[in-house]
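Protein chains get the first letters and strands the later ones, always in sequence-line order, with residue 1 at the start of each.
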Amino acid sequence: MKLATWNVNSLKVRLPHLVDWLDAAQPDVMCLQETKLEDGKFPGAELEAAGFQAAFAGQKTYNGVALLARAAPQDVAVAIPRFADEQKRVAAATVGDTRVICLYAPNGQAVGSDKYAYKLRWYAALRDWLADELARHPRLAVLGDLNIAPEDRDVHDPKAWEGQVHCSEPERAAFRALLALGLQDAFRLFEQPEKSFSWWDYRVVAFRRNAGLRIDHILLSKELATQCVACSIDKAPRKLERPSDHTPVVAELRS
DNA sequence: ATGGCGCGCGCAGCGCGA
């Protein structure tokens, strides 16, 4: 089984890239973030033609997530339980015998801002929810734009980013708290190229300089991590015309 | 090299992302 995540930065604009990528990569589950579409405008027919059924939670202009699967998503949830939030950042579903959670974590804007406080609150609620989900679903996969670079090796210039949003110690502690539940960072299960990133700023010609961050992640429960045979970042879509600023991350599980 | 891009909204220019 192949699981993937991609922040598309507008599903409307990126739909041709997405359909091409799905055709080439042939994932079984695809998690999307920043769809920026109200549910009434979700391109369900186009994605069905590509072979996928979807669970999604969208809103106008901002945020929005979708979970695509070849088998119909079951037991769909589109919010963290008992965490009041207008922002659409969560789509969870059971696909076959695997529980999949698609996340678009808050950006946090700047350390000390209201949005940063919201990010940390969101992560605290997420941790509690994932503890419950893990208890119920030994086969759990958490994918998405988590907006945290967990370690210095996930940052192109750790000195410049030290203490900044995405790299601050409270954020990294929130990431480690997810690992402490028994989730594993699929990317780090394998030897990887140095300076592997999943996001590059549109400004400052960041992609050409590989001035990026690794903030898009696939976390696997112990049972799934045992079955994981590969995890990689696909930089190809970042080289296309009008790319998303993020690239897909893919994990393959032995069936 | 974070003014600098890209997107949505909506029709000018701003908010937001990371």
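- Nucleotides B:dG17 and B:dA12, compared at atom P, are 26 Å apart to the nearest Å.
- For A:Arg209, whose side chain is taken as the heavy atoms from C-beta onward, the closest listed nucleotide among B:dA1, B:dG15, B:dC5 is B:dA1.
- If you take atom P in B:dA1 and the same atom in B:dC11, they sit 39 Å apart, rounded to whole Å.
- Minimum interatomic distance between A:Trp200 and A:Arg238 (heavy atoms only, all atoms of both residues): O-NH2, 2.8 Å.
- The residue A:His246 sits close only to the backbone: its heavy atoms come under 4.0 Å of sugar-phosphate atoms, none of a base.
- With B:dC16, B:dC7, B:dT2 as the candidates, the nucleotide lying closest to the side chain of A:Arg203 is B:dT2.
- The interatomic distance linking A:Asp157 (CG) with B:dA1 (P) rounds to 10 Å, in whole Å.
- Mapping A:Tyr104 and A:Leu11 onto DNA chain B by nearest heavy atom places A:Leu11 at the nucleotide closer to the 5' end.
- Among the heavy atoms of the strands lying under 4.0 Å from A:Trp161 is at least one base atom, whether or not backbone atoms are also near.
- A:Glu241 has its CD atom 15 Å from the P atom of B:dC5, to the nearest Å.
- Spacing between atom CH2 of A:Trp199 and atom P of B:dC5 amounts to 14 Å, rounded to whole angstrom units.
- Looking at the side chain of A:Ser10, the nearest of the listed nucleotides B:dG8, B:dG17, B:dT2 is B:dG8.
- Between A:Leu37 atom CG and B:dC7 atom P there is a gap of 13 Å when expressed in whole angstrom units.
- Proximity of A:Lys115 to the phosphate of B:dG17: a side-chain N or O atom is located under 4.0 Å from OP1 or OP2.
- One side chain, A:Thr94 or A:Arg99, offers a donor N or O that lies under 3.5 Å from an acceptor on the other.
- Ring pair A:Tyr118/A:Phe83 is parallel by interplanar angle, where below 30° counts as parallel and above 60° as perpendicular.
- Straight-line distance from the CG atom of A:Asn63 to the C1' atom of B:dG15: 13 Å, rounded to whole Å.
- The gap from the P atom of B:dC5 to that of B:dG10 amounts to 24 Å, rounded to the nearest Å.
- Using cut-offs of 30° and 60° for the angle between ring planes, the A:His156 and A:Phe197 rings count as perpendicular.
- Between the C1' atom of B:dC5 and the CZ atom of A:Arg14 lies a distance of 11 Å, rounded to the nearest Å.
- Distance from the side chain of A:Glu34 is smallest for B:dG17 among the nucleotides B:dT2, B:dC7, B:dG17.
- A 6.0 Å sphere centred on NZ of A:Lys2 holds more than 12 heavy atoms belonging to other residues, nucleotides or ligands.
- Atom pair A:Asp245:CG and B:dC5:C1' shows a separation of 9 Å (rounding to whole Å applied).
- No contact: A:Asp216 has no heavy atom under 4.0 Å from any strand.
- Open room surrounds CD on A:Glu86; 12 or fewer heavy atoms of other groups in view lie less than 6.0 Å from it.
- With sequence neighbours excluded, no residue forms a ring pair (Phe, Tyr, Trp, His ring centres under 6.0 Å) with A:Tyr104.
- Within the nucleic acid shown, A:Asn147 comes within 4.0 Å of sugar-phosphate atoms alone, with no base atom in reach, counting heavy atoms only.
- Across all non-hydrogen atoms, the minimal contact from A:Tyr116 to A:Ala110 is CB-O, 3.2 Å.
- Going from the C1' atom of B:dG3 to that of B:dG13 covers 15 Å, rounded to whole Å.
- Rounded to a whole Å, the NE2 atom of A:His17 is 9 Å from the P atom of B:dC7.
- Side-chain proximity of A:Thr61 to the nucleotides B:dA1, B:dG8, B:dT2 is greatest for B:dG8.
- Contact annotation: A:Arg242 reaches the phosphate of B:dC7 (side-chain N/O to OP1 or OP2, under 4.0 Å).
- A donor and an acceptor atom, one from each side chain of A:Asp234 and A:Trp21, are located under 3.5 Å apart.
- Scanning DNA chain B for stems, defined as runs of 3 or more consecutive Watson-Crick or G-U wobble pairs whose donor-acceptor distances all fall under 3.5 Å, gives the following ranges: B:5-9 with B:13-17.
- Of the two residues contacting DNA chain B, namely A:Asn9 and A:Val165, the nearest-nucleotide position lying further toward the 5' end is that of A:Asn9.
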